[in-house]
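Below is one structure, written out as structure tokens, with a few remarks after it.
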Amino acid sequence: MTTQKVHDRVAELRDLLERANRAYYDEAKPFISDREFDEALKELRELEEEHSLQTDNSPTRRVGGQPTSQFPTVEHPVPLLSLDNTYNSDDLRDFDRRVRDRIPEESFTYAVELKFDGAAVRLRYEDYTLKLGATRGDGERGDDITQNIRTIGDVPLSLSDNAPSVLEVRGEAYMEKEAFVRLNEYREENGLQPFANPRNSTAGSLKMQDPREVARRPIRMFIFDLILENSDVERTQKSKMELLRDLGFPVCEHFEVCRTIDEVLDIIEKWDDLRHELPYATDGVVIKVNEEKFREQLGTTSKAPRWAISYKFEADQATTILESITLQVGRLGSITPVAELKAVVLAGTTVKRASLHNEDEIHRKDIRPGDTVVVEKAGEIIPQVLSVVNPARENRPSLFKMPENCPACGEPLVKFEGEVKWRCINQECPPQIRERIIHFASRDAMDIEGMGDAVVDQLVDAGLISSYADLYKLTTADILPLERMAEKSAQNLVDAIQASKLQPFHRVLYAMGIRFVGKTVAKDLASAYSSLDKLMKASSEDLEEVDSIGPKIADSVTSFFKIPSNLEILNDMIEAGLQFEATENEQQSSKLDGKVFVLTGSLPSLTRKEATEWIEKHGGKTTSSVSSNTDFLLAGESAGSKLTKAEKLGIPVIDESTFNEMVNRRTE
Ligand code: IVH
């Protein structure tokens with residue numbers, strides 16, 4: 001390479017890595033894979049070394065992103081380093097040789113842990129109390145996100161008296177795969193962009209400005225390091241993990257100590273298979289010299305320790321042929337292009353279809369039928385098409401174009417301002433009717449057993465139903481002629497439909513399929529407006545007073561009640577006897593799910609019993625004494641020792657008006 005070419009390439013790599021870093025750390029929206037990032041970093045490091053081009057602010061010297069400006073910045077006195085990555089056994093054996101060269105005659109062991117795929121955090125405890133929670137940032141400075149960290153149930157807010165009074169821990173915040181899928185469903189229901197994978201979802205959630213919102217995200221935590229000031233005890237990774245567990249920190253149960261690199265490789269092989277069965281995503285294994293005294297001998301580079309390395313698993317990727325692009329019409333009329341793939345096995349399951357999201361996405365990746373494509377499971381769950389392998393092949397069909405009319409009913413498609421998806425707004429469009437009824441009967445909605453896709457298809461095709469309200473008019477005689485129906489199954493289905501009339505108001509509200517009204521919003525609406533009558537009288541401005549409801553949802557609800565065909569359906573359902581009033585005792589929202597309250601002192605307008613009822617109605621519970629498990633102390637006049645204890649433990653103390661806001665209780 002000529003000098004000019006080297007300089008150009010170095011600049012190009014630096015620019016790529018800087019942008020990738022920003023996208024990953026600050027915007028939580030990566031555009032290249034970890035592996036591509038590592039390869040670019042390696043190439044840059046080699047060029048810098050070979051041609052003496054090192055500079056202090058090169059990405060090879062930095063660990064990650066810049067702290068964002070919305071949170072106060074904190075210095076990390078002990079930097080949060082990164083880890084060097086390996087992808088094969090030869091590289092891992094090289095690491096083992098480097099370690100053995102530096103500590104030749106000593107006997108040492110390796111601690112082998114899972115590499116959790118989330119966001120790194122640093123927690124500091126002083127006086128047995130959580131004082132600081134921070135992101136990694138650039139490794140030396142991060143964001144102070146203490147308020148957000150406090151909302152994570154796995155994180156102890158205080159430690160018992162036998163803990164060291166000052167200590168720091170490091171760990172990884174993450175989301176379980178299933179919780180991530182549910183969160184994305186909720187986001188799609190609410191017109192929000194779904195997250196690409198659990199890692200981005202966690203990183204994005206930790207950086208939200210409103211801790212109450214963070215509390216609703218299913219964030220969990222594993223702690224993997226303990227840092228003690230002025231400690232002269234000789235520790236190992238194993239002894240630190242045991243101490244952390246005893247202190248009440250969430251520590252992963254999968255931990256092993258090995259004597260040789262071959263033992264380490266056996267464990268890696270085991271996890272490469274077994275990881276798919278874990279409830280959380282792992283992207284590799286971390287191998288650390290177990291004994292701290294040897295770590296000191298090995299030291300660190302500016303970026304990563306020499307005593308640890310990560311072994312990254314191959315991402316769950318496969319190549320296959322994209323046979324065609326079909327269009328799917330959703331319940332609310334959105335048109336989603338779908339890749340019909342030649343079947344391929346990915347992370348243990350056969351994949352035949354993958355969402356292509358929208359037209360822009362297909363153009364951005366230039367995906368066309370007949371292409372060989374790379375398919376990946378995002379966070380090991382949802383298949384997606386990453387890229388095209390052979391974009392330059394001959395005789396490629398022309399670029400995908402969305403049709404002007406709905407593929408199902410032929411009505412013109414529309415695209416609303418600010419939205420990426422095309423929609424069919426014809427209420428009578430058959431697949432939409434079908435999807436609405438399937439949604440209505442689904443488990444989280446009216447939970448009608450036996451009302452699967454095939455039955456709904458037949459009922460719609462036979463002209464027996466054209467809305468979900470029609471379900472309640474069905475008789476066994478109507479159902480019996482359908483395929484695979486016998487006297488008994490027809491009766492069971494009618495019984496299940498009738499039984500669903502007892503489902504509570506918030507489920508009916510969710511089942512109705514109003515755009516942007518997911519399970520949580522439905523619960524919030526049912527709790528704020530205790531009947532359909534009241535809800536229908538509310539204006540958009542009224543609705544926006546409810547905690548989780550913004551203008552978009554409010555407008556969608558009020559418009560729903562203005563459409564005559566919806567009102568007809570509602571009338572039919574009222575006649576059928578469905579629940580359109582919230583009953584006293586039903587749980588009305590999951591706002592306080594899992595939150596533990598302690599009550600103390602006398603509150604201005606609530607009795608203890610009433611406060612308890614409100615807490616329980618929203619999924620929380622009360623206990624009698626303050627401990628590290630307490631989430632909130634609800635305190636009134638003449639609060640005594642419980643208040644002192646809560647303050648000592650750093651537990652949030654709230655008064656009645658804050659509580660009213662939390663549960664949307666109106667006092668007037
Ligand atoms: S040890 C100096 N252990 O991986 C040692 N890190 O690529 C660095 N990570 O920033 C951390 N699981 O966020 C360690 N069991 C584990 C880990 C782990 C995930 C993350 C951590 C770190 C990043 C480095």
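Atoms considered below: every heavy atom in the structure, side chains included; atoms not considered: hydrogens, waters and symmetry mates. Everything numeric in this text was worked out from a predicted model, so none of it was measured. When a ligand or atom number is given, it counts from 1 through the structure's own listing order. Note that the numbering runs from 1 along the sequence shown for the chain.
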Looking at Val344, Val389, Leu341, Asn390, which hits side-chain contact (heavy atoms from CB on, under 4.5 Å) with Val373?
Leu341

Tell me every residue that passes side chain to side chain contact (heavy atoms under 4.5 Å, CB included) with Asp91, counting only those two or more places apart in sequence or in another chain.
Thr86, Asn88, Asp94

Shortest non-hydrogen separation from Cys252 to Tyr280 and the atoms involved
SG-OH, 3.5 Å

Minimum side-chain heavy-atom gap Tyr128-Pro164 below 4.5 Å:
no

Student check: side-chain heavy atoms of Val257 and Val112 closer than 4.5 Å:
no

Quick check: do Ser205 and Met175 have side-chain heavy atoms less than 4.5 Å from each other?
yes

Under 3.5 Å: N or O atoms of ligand 1 paired with protein N or O:
residue  : atom   : partner : partner atom : Å
ligand 1 : 3 (N)  : Lys288  : NZ           : 3.0
ligand 1 : 4 (O)  : Lys115  : NZ           : 3.2
ligand 1 : 10 (O) : Arg136  : NH1          : 3.0
ligand 1 : 12 (N) : Phe116  : N            : 3.0
ligand 1 : 13 (O) : Glu172  : OE1          : 2.4
ligand 1 : 15 (N) : Glu113  : OE1          : 2.8
ligand 1 : 15 (N) : Leu114  : O            : 3.0

